[in-house]
Amino acid sequence: MFNNKIKNICCIGAGYVGGPTMAVFANHCLNIKITVSDINEKRINAWNDSDISNLPIYEPGLDTLISRSRNKNLFFTTNIKESIAEADLIFLSVNTPTKSKGIGAGKASDLKWVEASARQIAKFSRGHTIVVEKSTLPVRTAKTIEKILSESQEIDENQEKKTFSVLSNPEFLSEGNAINDLERPDRVLIGGEDQSAINLLVDLYLNWVPREKIILTNIWSSELSKLTANAFLAQRISSINAISSLCEATGADIKQVSKAIGMDTRIGNKFLLPGPGFGGSCFQKDILNLVYLCEYYNLHEVAAYWEGVININNWQKDRIFKLIVIKLFGTVFEKKLAILGFSFKANTNDTRNSASIQICKNLIEEGAILSIYDPKVGSNQIDEDLNLPFHKTNSKKNMQWTKTDSIQSAIKDCHAIIILTEWDEFQKIQWESLIKKMKRPAWIFDTRSVVDVSKAEQAGFNVWQIGNYTS
Ligand code: NAD
Ligand code: UGA
């Protein structure tokens, strides 16, 4: 049993979850020392950069929180050993991507970073340590962590017996809105059995979260609820995207259909925006993980049901790419096309699994020359994501795509503008001024419903908008 208050927290993993989450904890738990540790030195250096605009993650409001608490009660370090040793409570916030090879490749979560972290905790911790799963994990991962911890060396450096409590406390933040989600969560979910450890974690959250928003469950329900929440959210997007294609074929308007169904309180109006297909680091990987679990438990119909959500998502990206080519007279060979938006959604610099990646790759494969503009994504990231066979030294690469610093320079001499992310500035574009710099006929392909179609048409554009009938 462990009855002391928490004085030191360590978070292993300084990524999109670890960084913002600990920034919010630090701002609400002023008497607790919080250390975020990571093996990635470059990332840690960026978190410690005195120029706050160089933080490794772009998230509205994050810079203010970091400026307030960094080097006061919030620290970023690569010294994992020390941060584990002094911690009463450790959040595991490491990456859990889909396995790329071996058993379960393409579906199962790769838990090697979770296991490595558990082994580090087993080795370096002292006394009693509460280990909290923040990463999204397959059901029953807590058992693996417990096994690794319980079979660790039993005595710490101070000759005290090492003990552990494992809790699950999945994170539901959504990127671009992370600070708001963390400050005012819909719910905080804690799964576990050790009541005193649960109470200590609840007490931490009570610094800013009302008690009625904190839900306690058994550990397996907590792990499965996280996968299920993401699967349901992604399912809504695939549903609305599927209907968007039917709208385009029939003359129904997806905005009107979304409004009509969303006003039914049983359906609700959120997550009904059609798009080029969901991206981000988690929806696809978490559904694939769910599919893998179902197959493992011989629930093949259930696995196939959830796999359908991914299939529609892939189909959406593919159909958008194909319709662009078809509308541009069946060929984009050596045509310059402007890509507006590369991140997987607005207000983040994250491009993981962004629909833009697949759509851009396919267009390049067809011979198009892309000029890409995104307010937060840099050319190194785009280069890494597109992963084209040409190397930097090969001048041919520059024929395939360039990154521009403004919308104006992106669209110059283009045949079409393809909007793939819903950045605010794309909604404010004055179309009359742009068309003069483009090749005619000039097209807009709006996959995010941000364009006022009648204004763009008045300016002389041909417009295709998702979920809108065009002859
Ligand atoms: P990320 O890749 O941005 O960050 C993970 C970090 O962990 C990396 O910086 C990596 O270097 C570090 N790391 C890996 N192994 C380590 C080790 N042994 N010791 C120290 N550091 C180590 O990932 P993320 O987006 O922050 O996601 C983390 C987890 O949270 C995943 O399981 C994800 O599914 C889940 N999640 C993510 C989001 C999101 O919006 N990104 C939201 C909710 C939940
Ligand atoms: C999602 C969930 O919303 C979070 O609750 C969860 O914690 C997180 O995954 C995770 O586990 O990583 P995130 O991926 O950051 O958050 O962003 P979302 O807002 O969910 O958007 C995901 C994708 O769906 C984006 O590409 C977005 O453009 C797309 N989307 C979203 C739509 O196409 N339509 C919508 O109506 C909503």
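The figures that follow rest on heavy atoms only: side chains count, while hydrogens, waters and symmetry mates do not. Residues: numbered from 1 along the sequence shown.
Lys134 is not listed as a side-chain neighbour of Leu92, based on a closest heavy-atom distance of 4.5 Å or more.
Side chains of Ser449 and Lys255: no donor on one and acceptor on the other come within 3.5 Å. Between Glu307 and Asn311, the side chains place no donor N or O within less than 3.5 Å of an acceptor N or O (distance only, hydrogens not considered). Ser354 and Lys345 share no side-chain donor-acceptor pair at under 3.5 Å. Side-chain contact check for Ser53 and Asp51: at least one donor-acceptor pair (N or O, by modelled atom type) lies under 3.5 Å. In this structure, a donor-acceptor pair under 3.5 Å is absent between the side chains of Ser225 and Thr228. Checked by atom type, the side-chain pair Ser238/Asn313 shows no donor-acceptor distance below 3.5 Å. Between the side chains of Tyr16 and Asn349, a donor-acceptor pair is found at a separation under 3.5 Å. Asn362 and Glu366 share no side-chain donor-acceptor pair at under 3.5 Å. Remark: the Asn241 side chain and the Trp315 side chain contain no N/O donor-acceptor pair separated by less than 3.5 Å. Using a 3.5 Å distance cut-off with no hydrogens or angles, the side chains of Arg70 and Ser50 do not pair a donor with an acceptor. A donor atom on one side chain and an acceptor atom on the other are found under 3.5 Å apart for Ser168 and Ser222.
Between Glu248 and Arg319 there is a salt bridge, with a side-chain nitrogen of the basic residue lying less than 4.0 Å from a carboxylate oxygen of the acidic one.
Expressed to the nearest 0.5 Å, how far CG of Leu137 lies from OG1 of Thr96 amounts to 6.0 Å. Here the straight-line distance linking atom CG of Leu89 with atom CD1 of Ile9 works out to 5.5 Å at 0.5 Å rounding. In this structure, CG on Asn8 lies 13.0 Å from CD1 on Ile84, to the nearest 0.5 angstrom.
Using cut-offs of 30° and 60° on the angle between ring planes, the pair Phe283 and Phe278 is perpendicular. Classification of the His28-Trp208 ring pair by plane angle, with boundaries at 30° and 60°, yields parallel.
Cation-pi geometry between Lys327 and Phe445 is not met: the NZ or CZ atom fails to fall both under 6.0 Å from the ring centre and inside 45° of the normal.
Between Phe342 and Tyr373, the distance separating the two ring centers is not shorter than 6.0 angstrom.
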